[in-house]
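Contents: one structure, followed by commentary.
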Amino acid sequence: METLDWKNLPFGYVKTDYNIRCYYRNGAWGRLEISSSEYITMHMAATCLHYGQEAFEGLKAFRGKDGRIRIFRWRDNAKRMHDTATGIKLAHVPEELFGEAVFSAVKMNEHFVPPYGTGASLYIRPLLIGSGAEIGVKPAKEYLFMVFVSPVGPYFKEGFRPVDIMISRNFDRAAPLGTGPYKVGGNYAASLSSLEMAHKHGFSTTLYLDPKEKKYVDEAGPANFFGIKNNCYITPSSKSILPSITNMSLQQLSRDMGMSVEQRPVPVEELPSFEEVGACGTAAVITPIRKIVDPEYNIIYDYCKDGNPGPVSASLYQRLIAIQCGDAPDVHNWVDII
Ligand code: PLP
Ligand code: COI
């Protein structure tokens with residue numbers, strides 16, 4: 001294994017030693033298989049290729065000061081993949097199979113789990129694809145479930161530094177009654193044009209509004225949105241956003257800090273009233289937002305004039321990573337040690 005510069009790892013793909021695979025055929029899942037190939041062969045008429053019948057997940061493993069490896073809330077990812085499978089008619093992956101594959105993938109690539117204190121972690125990517133051949137639009141009869149891993153650093157190159165984002169009204173990542181709450185590849189394909197536009201204008205990502213009325217805040221690229229005001233953590237409830245496990249965790253940590261929590265539609269007009277705003281997700285962790293720019297209306301919402309993350313976002317961030325790395329007690333039972 002080449003020596004990795006753990007402290008400067010980007011959020012990118014790094015080849016590891018093994019991945020785990022399992023095939024669904026004749027109505028049943030087979031045994032887990034270990035592969036050292038980065039490639040899969042599949043039928044050219046596989047439903048994942050033509051009709052987007054695929055789902056993925058993202059979770060992380062962390063190395064603690066004690067050297068042990070901790071996996072964060074994997075059962076919630078298993079549940080979300082189950083919900084996605086229901087949504088787009090994939091074969092369901094049983095929780096035990098999901099867990100076994102995740103644990104094996106981490107264990108088999110143990111030396112890729114970044115050292116404690118580097119800020120890096122091992123990103124775990126479960127993938128479920130319709131591999132059976134169909135030419136009509138219908139669910140596949142065969143599936144491949146696999147898990148691969150990659151050591152990663154921060155998703156936004158700024159790390160825990162405030163980023164600027166822009167409101168996008170010309171693009172939606174999901175339809176009002178579409179696949180927004182599911183983790184399917186099509187939502188990300190739909191986000192690429194708006195993301196490219198945001199990058200071209202110097203923004204880290206896009207802030208999507210609700211696709212039906214464009215009145216409410218939906219989510220911030222590949223991350224949920226939250227705002228802080230009057231000792232309250234406020235985050236959108238919306239049928240077109242991904243239910244973020246990090247967001248659920250931050251809501252609990254906010255309550256632990258004595259704050260109130262509101263999950264409700266967040267009108268765009270409320271944006272100026274927040275004291276702090278941020279994006280949250282497995283990859284994004286907490287990414288504080290410095291400015292939200294609304295180019296169509298020529299408005300700039302400016303949250304951290306001194307350029308630093310707000311105090312509540314900073315506390316939430318510290319508490320979250322302390323639990324993930326084992327520096328704080330895991331009072332909510334979020335962590336499984338390998
Ligand atoms: N929203 C979108 C669109 C995402 O892709 C992600 C990443 O998984 C999130 C939100 C954050 O979800 P989680 O905290 O479960 O990673
Ligand atoms: C995650 O946060 O796990 C994501 O999936 C975000 C992105 C890399 C798609």
Side-chain angles (χ1 to χ4, degrees), residues 9-14 54-62 71-84 87 98 102 120-128 147-157 159 163 165 168 171-175 178-192 194-195 198-199 204-211 217-226 233 235-254 263 266 278-287 289 316-317 320-321 323-324 332 334:
L9 273 186
F11 188 91
Y13 178 79
V14 172
E54 76 90 41
F56 71 99
E57 271 302 328
L59 63 160
K60 278 178 174 171
F62 302 84
I71 302 185
F72 190 67
R73 298 193 75 159
W74 66 269
R75 286 181 190 80
D76 293 287
N77 293 90
K79 181 179 178 311
R80 192 168 63 190
M81 184 167 259
H82 186 279
D83 295 343
T84 300
F98 185 98
V102 164
S121 55
L122 189 73
Y123 187 71
I124 306 165
R125 174 54 65 86
L127 178 70
L128 172 60
V147 178
F148 68 85
V149 298
S150 182
V152 296
Y155 188 73
F156 294 112
K157 65 179 186 322
V163 300
I165 66 173
S168 157
F171 298 93
D172 295 314
R173 62 177 283 284
T179 53
Y182 308 131
K183 206 159 168 63
V184 299
N187 295 342
Y188 298 82
S191 76
L192 293 175
S194 61
L195 194 58
H199 287 164
S204 293
T205 193
T206 324
L207 184 65
Y208 294 104
L209 304 184
D210 79 278
V217 174
D218 245 6
E219 57 185 336
N224 276 183
F225 175 88
F226 68 86
Y233 178 99
T235 192
S237 70
S238 162
K239 291 204 168 72
S240 45
I241 66 176
L242 192 76
S244 155
I245 296 157
T246 313
N247 194 351
M248 279 159 46
S249 311
L250 297 181
Q251 291 174 41
Q252 182 59 54
L253 294 176
S254 298
Q263 190 165 20
V266 175
C280 64
T282 298
V285 195
I286 289 183
T287 302
I289 295 168
L316 286 170
Y317 179 85
L320 179 68
I321 60 168
I323 293 175
Q324 290 175 328
H332 301 295
W334 287 340

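Computed from a predicted model, the values in this text were never measured in an experiment. Atoms within a ligand are numbered from 1 in the order they appear, just like the ligands themselves.
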From Y208 OH over to I241 CD1, what is the distance, rounded to the nearest 0.5 angstrom?
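The distance works out to 13.5 Å.
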Measure the spacing between CG of D76 and CE of M81 and express it to the nearest 0.5 Å.
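Here the rounded value is 14.0 Å.
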Would you say the side-chain atoms of T235 and N247 include a donor-acceptor pair closer than 3.5 Å?
yes
Sorted by chain and residue number, the residues with a non-hydrogen atom under 4.0 Å of ligand 1 are R80, R173, K183, Y188, E219, G221, P222, A223, N224, L242, S244, I245, T246, C280, G281, T282
Hey, does T206 have a side-chain heavy atom less than 4.5 Å from the side chain of R173?
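A side-chain contact under 4.5 Å is absent here.
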Tell me, do T205 and P222 make a side-chain contact under 4.5 Å, heavy atoms counted?
yes
Taking the inter-plane angle between the rings of Y233 and F226 on a 0 to 90° scale, is it parallel (under 30°), tilted (30 to 60°) or perpendicular (over 60°)?
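The arrangement is parallel - the two ring planes meet at less than 30°.
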Quick one: sort the F98 and W74 rings into parallel, tilted or perpendicular, breaks at 30° and 60°.
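Geometry flag for W74 against F98: parallel rings.
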With a 3.5 Å distance limit and no angle check, can you tell me whether Q324 reaches the backbone of F62 through a side-chain donor-acceptor pair?
no
Ligand 2: protein residues within heavy-atom distance under 4.0 Å:
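Correct list: F11, F56, G58, Y123, R125, Y155, K183, Y188, P222, T282, A283.
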Please step through side chain to side chain donor-acceptor pair (under 3.5 Å) for the pair S238 and D210, ending with a clear verdict.
CA-CA 8 Å; S238 162; D210 79 278; over 6 Å; no
